[in-house]
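Hydrogens, waters and symmetry mates are skipped; everything else that's a heavy atom, side chains included, is used.
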Amino acid sequence: MRESRPFMRACTMPLLIALALLVVQGDSCANPSPAQSTSTAQSAGPPQQLTPDTQAWLRSTIQTGNLADLRWPDFSDYTKLVQEFYESYGYALPWVRGMQATPQAQQVIAVLFQADQKGLNTEDYDASRWADRLAKLKPATAQPSEADAARLDLALTVCVMRYISDLHIGKVNPKHFEFGFDIQAKKYDLPQFLKEDVVDAANVANILVQVEPPYPGYRRTIQALDTYLALAKKYDGKPLPPVTKTVASGDSYAGVPQLAVLLRLLGDLPANADVPPDSNVYQGPLVDAVRSFQNRHGRQPDGRISTQTLADLNVPLTTRVRQMQLTLERWRWLPLSYNAAPIVVNIPEFRLRAYDENFRIGLEMNVVVGKAYDHSTPVFEDSMAYVVFRPYWNVPYSIAKSEMFSKIARAPDYLTTKGFEVVNSRQQPIASGPISSDDLAQLRAGKLFIRQLPGPKNSLGLVKFIFPNDYSVYMHDSPEQQLFSRSRRDFSHGCIRLERPADLAVWVLRNNPGWSAEKVRVAMTGNTNNQQVNLTRPVPVLIVYATVIVGADGTVRFYDDIYGHDAALEKVLDKGYPYPG
């Protein structure tokens, strides 16, 4: 994925959107530190000059965009950037001086060796190849060849460009998955950045750490990844014994000793909990530990070891590590700034959080999202523009066709009895009572339309929240309140149903003069239908997809990949460079 825009040296207040993206309550928000000083420590001597033959090889290799020495030889997506970088040095070698790797080159290599700690793969940046390359230059080799020096220099340029881009905006462009996030504005001018900020930097690590997302939630995920990488090495991953029936408190279960080891390792079972090592009775602190584990994995915390709970317990820790790596990739897609604090919905978590002007959580609630198999809620960003109280519901043609036309054919008065009416393209009612065969034919042809009358039974409830977008998705109230108590909540046709819509209405209208909680209540329960209220200040809305959330207290929560987005991302990443850009 190519980078092209200037390096942004300072994190301004809008970057505190960090707090607003995929975080749980309890975060505090302080101004991010400004970029580190780019004071330099000049390497000994000028960049390594090349003979015409070696320089010709370097030019030719860059133009072809392929270097066989690399683990991923094809760097054609970086060709122009690499070419611009070397042109600025007159095709001398900036990472090699006096026929040995500069201190900065060695610092860069040291950073690449730590890529795993960032949720990346060190081998993507040739971790196992640098020792051999360095051994061919001074001081290990008395008379190094220009060819070896040029190969190391070019390999390092490609690898560090990839690393910076991967760490800053992610490896894969989110638009490849039809996600509505635009990474273009975040891109660096990589040739300029390397030359001005890295090649002669006093401390390369301090410079490169700045390219990461500044969000607290991102940093917490990095910390959790480090913990789980260590846990995966400690635990052998042997599956717990199967169960023939759900294990309840007081039951005997052969896996009790191993279960205690696992839950203590994960932190669900306190280190000082009294669990007899030779007992097979499932009871006491171990039941509470299972409740904690279930709660962290989006399940009903009943403390019973069901088939589902056992399956969750048996997920290898290496798989949990991979979930974190995929979540970190998505963190890197997120925007850096907003003109107001946002509303964030995390689809796999079925949760909405709204943030105040200080980027603290001001409101959160459960939500219902689109059905996993045929009506998934899209992932994108936009701005909420207005609220509609007591709305009509204009039934989409796809829903009318699949769920209503056949019922109308069997019972012409179906729409009237269910609180619907037929309207023309100008939203004017054209029929009352039973639907005629001619009207039904026009409905089937898409010339007439169905809408539901406002009221408590309306599918949109008593209020909807509009953030105009290409997906025709919005947030709304729902008469089906019982769905919000379920642990898995994908039941809609794509829009987002709200557990406490009145509270959100008060929240988004708090900057509109006169819109108190009482006025919102009256607007929802009164007699004025389809009342549109434009927001004084549009509110950013992010619909995101993260199957791992790390809270301010360090609690790591995992959620199901309900739409298969993790699986799709992993499949693309496994193919290696160049990635879809």
Side-chain angles (χ1 to χ4, degrees), residues 1-3 61-62 64-79 81-82 85 95 101 104-134 151-174 176-177 183 186-188 190 193-194 198 204-205 207-213 218 221-222 225-226 228-229 232 318-333 566-581:
M1 189 179 294
R2 294 187 300 260
E3 295 271 5
T61 304
I62 293 172
T64 62
N66 192 290
L67 178 63
D69 295 7
L70 296 169
R71 182 200 176 189
W72 303 108
D74 184 352
F75 64 93
S76 55
D77 50 336
Y78 285 87
T79 295
L81 301 176
V82 175
F85 178 66
W95 305 110
Q104 290 79 6
Q106 296 178 52
Q107 290 181 50
V108 168
I109 292 170
V111 169
L112 300 182
F113 265 100
Q114 299 174 353
D116 285 348
Q117 299 174 13
K118 307 297 184 181
L120 302 171
N121 184 347
T122 58
E123 281 304 308
D124 284 344
Y125 315 104
D126 282 18
S128 62
R129 301 173 186 232
W130 293 112
D132 287 342
R133 290 170 180 153
L134 290 170
R151 288 182 179 279
L152 179 144
D153 203 279
L154 179 56
L156 188 56
T157 296
V158 173
C159 285
V160 73
M161 281 190 175
R162 283 173 170 172
Y163 176 81
I164 292 169
S165 182
D166 295 349
L167 197 58
H168 185 59
I169 60 174
K171 291 187 173 185
V172 185
N173 192 323
H176 176 74
F177 303 104
I183 60 170
K186 296 172 58 179
K187 288 185 173 183
Y188 294 159
L190 283 175
F193 177 38
L194 287 184
V198 181
V204 170
I207 296 297
L208 294 187
V209 76
Q210 297 172 59
V211 309
E212 297 181 68
Y218 168 87
T221 308
I222 289 287
L225 173 66
D226 185 61
Y228 270 73
L229 284 169
T318 52
T319 299
R320 297 306 186 190
V321 166
R322 189 56 170 159
Q323 271 187 265
M324 292 183 186
Q325 292 169 338
L326 299 174
T327 296
L328 288 168
E329 171 75 5
R330 293 198 181 93
W331 270 109
R332 296 169 184 131
W333 297 344
D566 272 7
L569 176 57
E570 185 172 27
K571 185 177 180 180
V572 173
L573 290 173
D574 286 346
K575 292 180 179 178
Y577 298 94
Y579 293 109

Exercise for the section: For Thr64 and Thr61, indicate whether the former's side chain and the latter's backbone hold a donor-acceptor pair under 3.5 Å. Expected result: yes

Handout entry: Polar side-chain atom of Asn173 near backbone of Pro580 as donor-acceptor pair, under 3.5 Å
Key = no

Problem - Atom pair CZ (Phe85) and CG (Asp153), whose distance is rounded to the nearest 0.5 Å - result: 7.0 Å

Handout entry: Results of salt bridge (Lys or Arg N to Asp or Glu O under 4.0 Å) for Arg320 - residues two or more places apart only
Key = none

Exercise for the section: Check for a donor-acceptor pair, side chain of Tyr579 on one end and backbone N or O of Leu573 on the other, with a separation under 3.5 Å. Expected result: yes

Practice task
State, with a plain yes or no, whether a side-chain heavy atom of Gln104 is found less than 4.5 Å away from one of Ile207.
Solution key: no

Handout entry: Val111 side chain near Gln107 side chain, heavy-atom distance below 4.5 Å
Key = no

Problem - Donor-acceptor under 3.5 Å (Arg133 side chain, Asp69 main chain) - result: yes

Problem - Exercise: do Tyr218 and Arg332 side chains pair donor with acceptor under 3.5 Å - result: yes

Exercise for the section: Using atom types as modelled and distance alone, determine if a side-chain donor or acceptor of Glu123 lies under 3.5 Å from a backbone N or O of Ser128. Expected result: yes

Practice task
Go through the steps to decide whether Asp126 and Val158 satisfy the test side chain to side chain contact (heavy atoms under 4.5 Å, CB included), and finish with yes or no.
Solution key: CA-CA 10 Å; Asp126 282 18; Val158 173; over 6 Å; no

Practice task
Kindly indicate whether the side chain of Leu67, heavy atoms from C-beta on, has any atom under 4.5 Å from the side chain of Arg151.
Solution key: yes

Problem - Separation of Met161 CE from Asp77 CG (nearest 0.5 Å) - result: 11.0 Å

Completion exercise
Taking every heavy atom of Gly119 against every heavy atom of Leu328, the minimum-distance pair comes out as CA-CD1, 3.9 Å

Problem - Any donor-acceptor pair under 3.5 Å from Trp331 side chain to Glu212 backbone - result: no

Practice task
Taking the side chain as every heavy atom from C-beta outward, state whether Asp124 and Asp166 have any pair of such atoms under 4.5 Å apart.
Solution key: no

Completion exercise
With Asp566 as partner, the option from Arg330, Arg322, Lys571 fulfilling side chain to side chain donor-acceptor pair (under 3.5 Å) is Arg330

Handout entry: Residues Tyr577, Leu70; criterion side chain to side chain contact (heavy atoms under 4.5 Å, CB included); working and verdict
Key = CA-CA 11 Å; Tyr577 298 94; Leu70 296 169; over 6 Å; no

Problem - Non-hydrogen side-chain atoms of Gln117 and Leu225 separated by less than 4.5 Å - result: no

Fill in the blank from the handout: Taking every heavy atom of Tyr78 against every heavy atom of Ser165, the minimum-distance pair comes out as OH-CB, 3.3 Å

Problem - Smallest separation among heavy atoms of Trp95 and Val160, with atom names - result: CZ2-CG1, 4.2 Å

Practice task
Answer yes or no: is there a side-chain heavy-atom contact under 4.5 Å between Leu112 and Thr122?
Solution key: no

Practice task
Before giving the answer on side chain to side chain contact (heavy atoms under 4.5 Å, CB included), spell out for Leu167 and Leu208 the whole-Å C-alpha distance, their side-chain angles and the decisive distance to 0.1 Å.
Solution key: CA-CA 9 Å; Leu167 197 58; Leu208 294 187; 5.8 Å; no

Exercise for the section: Verify, without hydrogens or angle tests, whether Lys171 (side chain) and Leu120 (backbone) share a donor-acceptor contact under 3.5 angstrom. Expected result: no

Exercise for the section: Answer yes or no: is there a side-chain heavy-atom contact under 4.5 Å between Leu156 and Trp130? Expected result: yes

Fill in the blank from the handout: Tightest non-hydrogen contact, residues Val172 and Trp333, listed as O-NE1, 2.9 Å

Handout entry: Heavy-atom closest contact (Pro578 atom, Asp74 atom, distance)
Key = CD-OD2, 3.7 Å

